[in-house]
Amino acid sequence: MTTRYRVEYALKLVTSWLIEWIKGLLAVPFVLHSQPTVVFHEESLKLAAVATATQKRYAEIMRDVELLINDHIDHHESNRPGKSKLKLLVPAVGQFFTPLLLEDAFIYQDQRRQISRRRFVAPSFNDIRLTLNTAQLMGLVRSSEIRLITFDGDVTLYEDGCCLVEENPVIPRLLRLLQLGKKVGIVTAAGYTKPHHYYVRLKGLLDAVWHDGTLTAEQKNGLIVMGGESNFLFRYDQSAPNRLSSVPRSEWMLDEMYTWNDDDITNLLDVAEASLRECMSNLNLPATVLRKERAVGIYPLKGQKMHREQLEETVLVAQSMVERSEVGKKLPFCAFNGGNDVFIDIGDKSWGVRACQRYFGGIGRSMTLHVGDQFLSAGANDFKADGGRISGQNGMHNSLDS
Ligand code: IMP
Ligand code: MG
């Protein structure tokens with residue numbers, strides 16, 4: 001969970017434009033006001049005054065960016081996307097569904113991270129990422145419109161490849177969301193067709209909901225699990241042996257998904273599998289192939305690990321091979337580096353989150369928040385749920401590079 005996802009290949013730069021741009025704006029007051037030559041113990045009063053002035057400058061910049069984002073939202077709402085000043089300044093920027101309270105969020109993060117008191121280290125990518133997260137939450141909480149919160153599984157609710165166990169501190173928080181009448185979706189790439197596998201992974205949460213005597217039946221029904229990015233939906237079921245039951249596709253599939261036919265799915269997975277095998281041989285990967293109903297992937301042989309570069313290369317090769325195939329132009333897919341494996345899934349989390357919205361009767365994008373760990377790259381699976389602010393919902397990066 002440290003720097004694993006912060007790999008800056010050309011493709012990966014797209015979504016970090018906004019953060020890099022803000023970083024550049026904050027670098028100016030840092031350069032002009034920081035006092036690297038002052039001796040700390042002799043001039044601490046002076047340093048405190050400088051920190052206060054620097055915080056004021058940083059906060060003003062954040063306020064200005066906040067206003068630019070509001071203006072960008074207005075342009076979208078009046079059908080003039082692309083004409084905003086923010087779009088001119090940061091061409092890669094997508095759509096925002098809620099205001100970001102950047103000034104307040106900066107003050108909050110500054111109190112925790114002492115950003116304006118630093119004299120040698122300028123506001124970093126990570127400082128800004130966390131400020132954006134806080135700003136997103138503040139915007140949603142203050143508008144109190146949020147109705148659906150979706151969470152990624154691995155590296156978000158639990159450690160990579162692990163399970164959501166009883167002691168996990170997220171459990172009472174998830175129960176609280178349900179108690180407030182919010183809908184909660186776990187939208188994971190992990191693609192299993194049977195409830196039992198999800199029960200094993202999510203046992204702590206599912207058992208806690210089952211035992212909870214304060215939640216009403218309706219509140220408990222607010223919990224769903226979308227597996228395989230957008231392929232298998234399960235709802236909480238108090239009377240099912242695994243606490244989950246499969247939801248028929250007719251109850252949640254989006255209209256466009258009906259065009260995903262079995263032949264195309266097989267073809268796409270064939271192309272993806274061939275490219276994975278090519279990488280295994282070309283890069284001498286200590287891995288084996290796993291073919292599933294709606295996915296194909298490679299995972300390491302027992303006791304082995306693949307290098308980050310090998311994983312990234314494999315993702316990019318598979319992605320480009322599928323994109324260049326006929327079927328890759330017809331079917332959406334998601335190729336990503338899962339930390340120690342690579343998967344190509346049919347569909348992606350933007351479809352998964354939208355299907356959850358549909359299942360709950362059509363919850364709007366501005367009322368949805370997706371929390372995940374993979375947002376930095378076109379080949380990261382949570383990126384698609386938020387669309388890097390291209391196609392999706394509000395999104396929060398939970399643990400990137402921290
Ligand atoms: P997520 O972080 O909850 O989206 O889960 C991603 C992880 O699920 C991957 O890194 C894989 O280790 C695992 N996984 C298991 N089955 C699948 C699958 O069918 N597609 C993609 N990932 C899978
Ligand atoms: Mg994850």
Side-chain angles (χ1 to χ4, degrees), residues 1-2 4-6 149-164 168 170 174 184-202 204-205 224-234 265 268-269 272-273 276 287-302 304-306 308 310-312 314-315 318-319 322 331-353 355-356 370-377 379-386 392 395-402:
M1 271 196 284
T2 52
R4 198 176 54 205
Y5 297 102
R6 181 130 166 59
I149 302 119
T150 56
F151 295 89
D152 163 62
D154 294 51
V155 193
T156 298
L157 293 179
Y158 39 85
E159 293 292 319
D160 200 13
C162 298
C163 298
L164 216 173
N168 190 318
V170 301
L174 294 174
V184 173
I186 297 176
V187 179
T188 171
Y192 316 114
T193 51
K194 299 277 181 287
H196 173 69
H197 289 106
Y198 293 102
Y199 182 51
V200 172
R201 301 289 307 266
L202 305 171
L205 173 66
I224 55 175
V225 179
M226 173 63 81
E229 315 262 2
S230 52
N231 286 301
F232 314 104
L233 186 67
F234 301 86
I265 290 171
L268 190 144
L269 295 178
E273 183 175 337
L276 290 175
T288 188
V289 172
L290 179 64
R291 177 85 177 231
K292 297 183 160 188
E293 200 178 301
R294 294 282 174 115
V296 60
I298 53 169
Y299 64 94
L301 298 170
K302 208 167 180 329
Q304 306 268 7
K305 256 188 107 19
M306 288 183 270
R308 186 186 70 193
Q310 291 176 318
L311 294 163
E312 293 292 328
T314 307
V315 169
Q319 182 166 307
V322 178
L331 268 187
F333 69 95
C334 178
F336 73 100
N337 163 9
N340 200 21
D341 51 34
V342 171
F343 271 92
I344 295 95
D345 293 314
I346 301 295
D348 61 48
K349 289 191 184 181
S350 75
W351 294 89
V353 174
C356 295
H370 180 73
V371 183
D373 64 289
Q374 295 212 358
F375 276 101
L376 270 192
S377 93
N381 66 0
D382 295 302
F383 168 81
K384 308 262 179 151
D386 150 77
M396 277 186 64
H397 311 188
N398 71 323
S399 61
L400 278 168
D401 199 28
S402 47

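What's counted below: heavy atoms across the whole structure, side chains too, no hydrogens, waters or symmetry copies. Order of appearance sets the numbers: ligands from 1, and atoms from 1 within every ligand.
Between Ile186 and Tyr198 there is no side-chain heavy-atom pair separated by less than 4.5 Å. No side-chain heavy atom of Ile265 sits under 4.5 Å from any side-chain heavy atom of Glu293. The side-chain heavy atoms of Thr314 and Met306, taken from C-beta on, include no pair separated by under 4.5 Å. Counting heavy atoms from C-beta outward, Asp341 and Leu290 have side chains that stay 4.5 Å or more apart. Side chains of Leu157 and Thr188 form no contact here, defined as non-hydrogen atoms less than 4.5 Å apart.
Counting only heavy atoms of the protein, atom 3 (O) of ligand 1 lies nearest to Thr188 OG1, 2.6 Å. Atom 2 (O) of ligand 1 has Asp152 OD1, 2.7 Å as its closest protein atom, hydrogens excluded (heavy atom only). Among protein heavy atoms, the minimum distance from atom 5 (O) of ligand 1 is reached at Asp154 OD1, 3.4 Å.
Of all heavy-atom pairs spanning Cys163 and Tyr158, the tightest one is O-CB, 3.6 Å.
Of all atoms in ligand 1, listed by their number and element, those nearer than 4.0 Å to a heavy atom of Gly338 are 10 (O). Every atom of ligand 1 is numbered from 1 in the order shown, and the set under 4.0 Å from a heavy atom of Gly153 is 3 (O). Interface of Lys292 with ligand 1, defined as ligand atoms under 4.0 Å from a residue heavy atom, comprises 15 (C), 16 (N), 17 (C), 18 (C), 19 (O). The distance from ligand 1 to the heavy atoms of Gly191 drops below 4.0 Å at these ligand atoms: 16 (N), 17 (C), 18 (C), 19 (O).
One distance of note links OG1 of Thr288 with CD1 of Ile298; it measures 9.5 Å at 0.5 Å rounding. Taking OG1 of Thr193 as the reference point, atom CZ of Phe234 lies at 6.5 Å (rounded to 0.5 Å). Residue Ile344 holds its CD1 atom at 10.5 Å from CZ of Arg291, rounded to the nearest 0.5 Å.
Contact annotation for Ala189 and ligand 1: heavy atoms of both the backbone and the side chain come within less than 4.0 Å of the ligand. Only side-chain heavy atoms of Phe336 come within less than 4.0 Å of ligand 1; its backbone N, CA, C and O stay farther off. Under 4.0 Å from ligand 1, the heavy atoms of Asp345 that appear belong solely to its side chain. Heavy atoms of Asp341 found under 4.0 angstrom from ligand 1 belong exclusively to the side chain.
Geometry at the Mg ion (ligand 2): O/Asp154 and OD2/Asp152 form an angle of 80°, nearest 10 degrees.
Using a non-hydrogen distance threshold of 4.0 Å, Glu229 does not register as a contact of ligand 1.
Across Ala190, Gly339, Gly228, heavy-atom proximity to atom 23 (C) of ligand 1 is greatest for Ala190.
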